[in-house]
Amino acid sequence: MAEKIKYNVVVVGAGNAALCAAISAKEKGAEVLVLEKAPKKKRGGNSYFTDGAIRFAFNGLEDLRKVIPRITDEEAEKIVMPPYTKEMYHDDLMEATKKQSDSALASHLVNESYETITWMHSHKIDFDLIYDNQSFERNGKFHFWGGLPVKTGGKGVGLIQKLIDRAEELGIAIWYDAPAVKIHKDNEGAIHSIEVDKQGERVNVETKSIILACGSFEANKELRAKHMGEEWNYAITRGTEYNTGDGLSMAMEVGAQPYGQWSMGHSIGTDANAPTVGDFSKPGDIFKKHSYPLGILMNKEGKRFVDEGADFRNYTYAKYGREILKQPGNIAYQVFDEQVRGLLRGEYDREEATYYQADSIEELANKLDVDRNQFVTTIQEYNQAVQDGSYDPSVKDGKGTAGVTPPKTNWALRVDKKPYYAFPVTCGITFCFGGIKTNAKTEVLDSNNEPIKGLFAAGEMIGGIFYENYPGGSGLMSGAVFGKTAGKVAAEYLQKTLV
């Protein structure tokens, strides 16, 4: 370890949260080093694989036009955009987490969300409206729903590229193939250096401020099994293979307090033949299957097991993955008929999508690995239970079932128009909800709830925000909000230590 290098702020990770932290620290005057465990061609963490949907509070379309200035007056006339206020965002977050979300962290995420979006826009991050998956066209106008109308330009790939471009433009150093190994504190308990395995060479970087933003432990099967249960060995990893919990281990070695729901994570229904880890040659969230509210979900026993219409997809998809994991063989089938086939999201039309098609329910059952008789019976009973009413997928229409368990609360149509389709899905884990404890200033706290001097965290590293479930798009927003905060606070801490 002969080589010694010094930076004001060292950011561990190179995804959305980490790069927002690096840019924020740099604009406050710090000299910043970013450490990326992955090689350059696999940089970007989980953010690289996201579709880019990002949830923030706004008061109406005019707020969105400030960060998407290319929306013309003519286009705006064709948009129906309900406001999504801070109160609505906070309520959605608390409802999804069963009121377990840390109140200080939740408030910071919500209250800083729009300001962070405008800050990202000022740093050349592009945004687009999500016409295809978050709106329905009716009478020549696009009606947006679910509080999630915006995505980053170019999805996750575009977001990471823009953040990298901006970081390099600002003179931020980035090391690839350079995992952080160990954090060191001085005799007074303050951060003073970090060890790095820089392309096989052990290097010591002197620094007074470290921001940990290198993800959770979802790619580590041993840790998943230990904290979440043995069944999680069968889940596929949707994102980067490099999120193995290194940052969490390093943090706890220097006294960080574990926090949040370590037994749970963000998991979805994804194509049963999706890669076992994120495929960088096919970036973006292309294997997910999120139109299940328009159909029914069935297991190999030929039975339904969730209320597919309990709420908009935005509020159920992150928890239904684990319900699929609980099913025999860790697999389920999303079943649709022709009357809704044209309403399904774009991922169902990709060449990567696995599906079966038949002209009768009986023929479809014969093509699947299911209990044929029960499969047919379940659909017959479901069809009989569907109630009359007005069908409208742009709102919670209340068109449900009666007399079957589980019920379907909204969007219940009889499955009776050929051809019929079945898409096999399994559980894909995105990130784990457990992390380390911080305050809203992103200072990492020890077992006495005191800040560890010079140590900060952002993104999936922070525990206590998400429990059980989460509102779609909140993860990307959380990374940006707490990343921006961490960079600012780390730089301010550095300035105080130099006085």
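Note that this is a predicted model, so its numbers are computed, not measured.
- Using bins of under 30°, 30° to 60° and over 60° for the plane-to-plane angle, the ring pair Tyr7/Trp175 lands in the perpendicular bin.
- At least one side-chain heavy atom of Phe482 sits less than 4.5 Å from a side-chain heavy atom of His108.
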If you apply the rule side chain to side chain contact (heavy atoms under 4.5 Å, CB included), what do you find for Asn243 with Phe431, and how did you get there? CA-CA 9 Å; Asn243 281 8; Phe431 65 91; over 6 Å; no
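- Around atom NZ of Lys185, more than 12 heavy atoms belonging to other residues, nucleotides or ligands sit under 6.0 Å away.
- A salt bridge between Lys226 and Glu222 is absent, with no side-chain N of the basic residue lying under 4.0 Å from a carboxylate O of the acidic one.
- Side chain to side chain, Tyr470 and Ser478 fail the donor-acceptor criterion of an N or O pair below 3.5 Å.
- In this structure, the salt bridge (charged side-chain N to carboxylate O under 4.0 Å, His left out) partners of Glu308, at least two apart in sequence or on a different chain, are Arg304.
- Between Leu476 and Leu159, some side-chain heavy-atom pair lies under the 4.5 Å cut-off.
- One N or O on the side chain of Asn439 and one on the backbone of Lys441 form a donor-acceptor pair closer than 3.5 Å.
- When all heavy atoms of Ser47 and Ile160 are compared, the closest pair comes out as CB-CD1, 3.7 Å.
- In this structure, the separation between CG on Leu494 and CD1 on Ile191 is 13.0 Å, given to the nearest 0.5 Å.
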Step-by-step side chain to side chain contact (heavy atoms under 4.5 Å, CB included) determination, Arg238 to His266: CA-CA 10 Å; Arg238 299 178 59 228; His266 177 299; 3.9 Å; yes
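- In this structure, a donor-acceptor pair under 3.5 Å is absent between the side chains of Lys37 and Thr240.
- The aromatic rings of Tyr320 and Tyr292 sit tilted, their planes meeting at an angle between 30° and 60°.
- The minimum heavy-atom distance linking Asn204 with His184 is given by the pair OD1-CD2, 4.1 Å.
- Atom CD of Glu137 is surrounded by more than 12 heavy atoms from other residues, nucleotides or ligands within 6.0 Å.
- Between the side chains of Tyr176 and Arg43, at least one donor N or O sits under 3.5 Å from an acceptor N or O.
- Shown here for Ala57 and Thr85, the closest heavy-atom pair between the two residues is CB-C, 3.8 Å.
- Annotation: side chain of Phe287 is in contact with side chain of Pro275 (closest heavy-atom distance under 4.5 Å).
- Under the 30°/60° scheme for interplanar angles, the aromatic rings of Phe58 and Tyr84 are found to be tilted.
- The two residues Tyr315 and Arg55 make their nearest non-hydrogen contact at OH-NH1, 3.2 Å.
- Between Thr50 and Lys155, the shortest heavy-atom distance links the atoms O-CB, 3.7 Å.
- A donor-acceptor pair shorter than 3.5 Å can be found between the side chains of Ser216 and Glu218.
- A donor-acceptor pair is defined here as one N or O able to donate and one able to accept, closer than 3.5 Å; no such pair exists between the side chain of Gln134 and the backbone of Gly146.
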Worked check of side chain to side chain contact (heavy atoms under 4.5 Å, CB included) between Leu223 and Leu248: CA-CA 11 Å; Leu223 288 181; Leu248 296 170; over 6 Å; no
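- Of the N and O atoms on the side chains of Ser291 and Arg345, not one donor lies less than 3.5 Å from an acceptor on the other residue.
- Centroid-to-centroid, the aromatic rings of His290 and Phe312 stay 6.0 Å apart or farther.
- In this structure a side-chain-to-backbone donor-acceptor pair under 3.5 Å is present from Ser267 to Arg322.
- For the pair Glu460/Cys432, no side-chain contact is recorded, criterion being any heavy-atom separation below 4.5 Å from C-beta on.
- Classification of Arg202 and Glu195 as a salt-bridged pair holds, one side-chain N sitting under 4.0 Å from a carboxylate O.
- Between the side chains of Arg341 and Tyr348, not a single donor N or O lies within less than 3.5 Å of an accepting N or O.
- The pair Asp126-Lys162 meets the salt-bridge criterion, with a side-chain N (NZ, NE, NH1 or NH2) lying under 4.0 Å from an Asp/Glu carboxylate O.
- Within the 3.5 Å criterion, the main-chain N or O of Ala256 finds no donor-acceptor partner in the side chain of Asp446.
- The closest donor-acceptor contact from the side chain of Ser24 to the backbone of Ala21 lies at 3.5 Å or more, if one exists at all.
- A salt bridge between Glu31 and Lys6 is absent, with no side-chain N of the basic residue lying under 4.0 Å from a carboxylate O of the acidic one.
- Atoms CG and CE, from Asn16 and Met477 in turn, are 8.0 Å apart once rounded to the nearest 0.5 Å.
- In this structure, the separation between CD1 on Ile194 and NZ on Lys182 is 11.0 Å, given to the nearest 0.5 Å.
- Checking side-chain atoms of Lys42 against main-chain N and O of Lys40 turns up no donor-acceptor pair under 3.5 Å.
- Remark: the backbone N or O of Ala180 is not paired with any side-chain donor or acceptor of Asp246 at under 3.5 angstrom.
- With values rounded to the nearest 0.5 angstrom, Lys221 atom NZ is found 7.0 Å from Thr276 atom OG1.
- Between the Asn220 side chain and the Thr244 main chain, a donor and an acceptor come within less than 3.5 Å of each other.
- With Trp262 as the partner, the ring-ring contact (aromatic ring centres under 6.0 Å, His included) test is satisfied by one option alone out of Trp232, Tyr467, Phe433, Phe217: Phe217.
- Other residues, nucleotides and ligands contribute at most 12 non-hydrogen atoms within 6.0 Å of the NZ atom of Lys208.
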Is there a side chain to side chain contact (heavy atoms under 4.5 Å, CB included) between Ile79 and Phe144 once you walk through the steps? CA-CA 8 Å; Ile79 294 172; Phe144 284 81; 3.9 Å; yes
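- Checked by atom type and distance alone, the side chain of Thr237 never pairs as donor or acceptor with a backbone atom of Val277 at under 3.5 Å.
- Taking both residues in full, the closest heavy atoms of Val34 and Ala14 are given as CG1-CB, 4.0 Å, listed atom of the first, atom of the second, then distance.
- Enclosure of atom OH in Tyr355 is not indicated, since only 12 or fewer non-hydrogen atoms of other residues, nucleotides or ligands lie within 6.0 angstrom.
- Remark: the backbone N or O of Ala490 is paired with a side-chain donor or acceptor of Ser209 at under 3.5 angstrom.
- Ile71 contributes atom CD1, which lies 6.5 Å from atom CG of Leu64 (distance to the nearest 0.5 angstrom).
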Side-chain atoms of residues 166-174: list all donor-acceptor pairs with protein atoms under 3.5 Å, sequence neighbours left out, distances to 0.1 Å.
| residue | atom | partner | partner atom | Å |
| --- | --- | --- | --- | --- |
| Arg166 | NE | His123 | ND1 | 2.9 |
| Arg166 | NH1 | Glu169 | OE1 | 3.3 |
| Arg166 | NH1 | Glu169 | OE2 | 3.4 |
| Arg166 | NH2 | His123 | ND1 | 3.4 |
| Glu169 | OE1 | Lys124 | NZ | 3.2 |
| Glu169 | OE2 | Lys124 | NZ | 2.9 |

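- Here His143 contributes atom NE2 and Lys141 contributes atom NZ; the two are 7.5 Å apart, rounded to the nearest 0.5 Å.
- A salt bridge between Glu323 and Lys326 is present, with a side-chain N of the basic residue lying under 4.0 Å from a carboxylate O of the acidic one.
- Residue Tyr234 qualifies as open at atom OH: its count of foreign heavy atoms under 6.0 Å is 12 or below.
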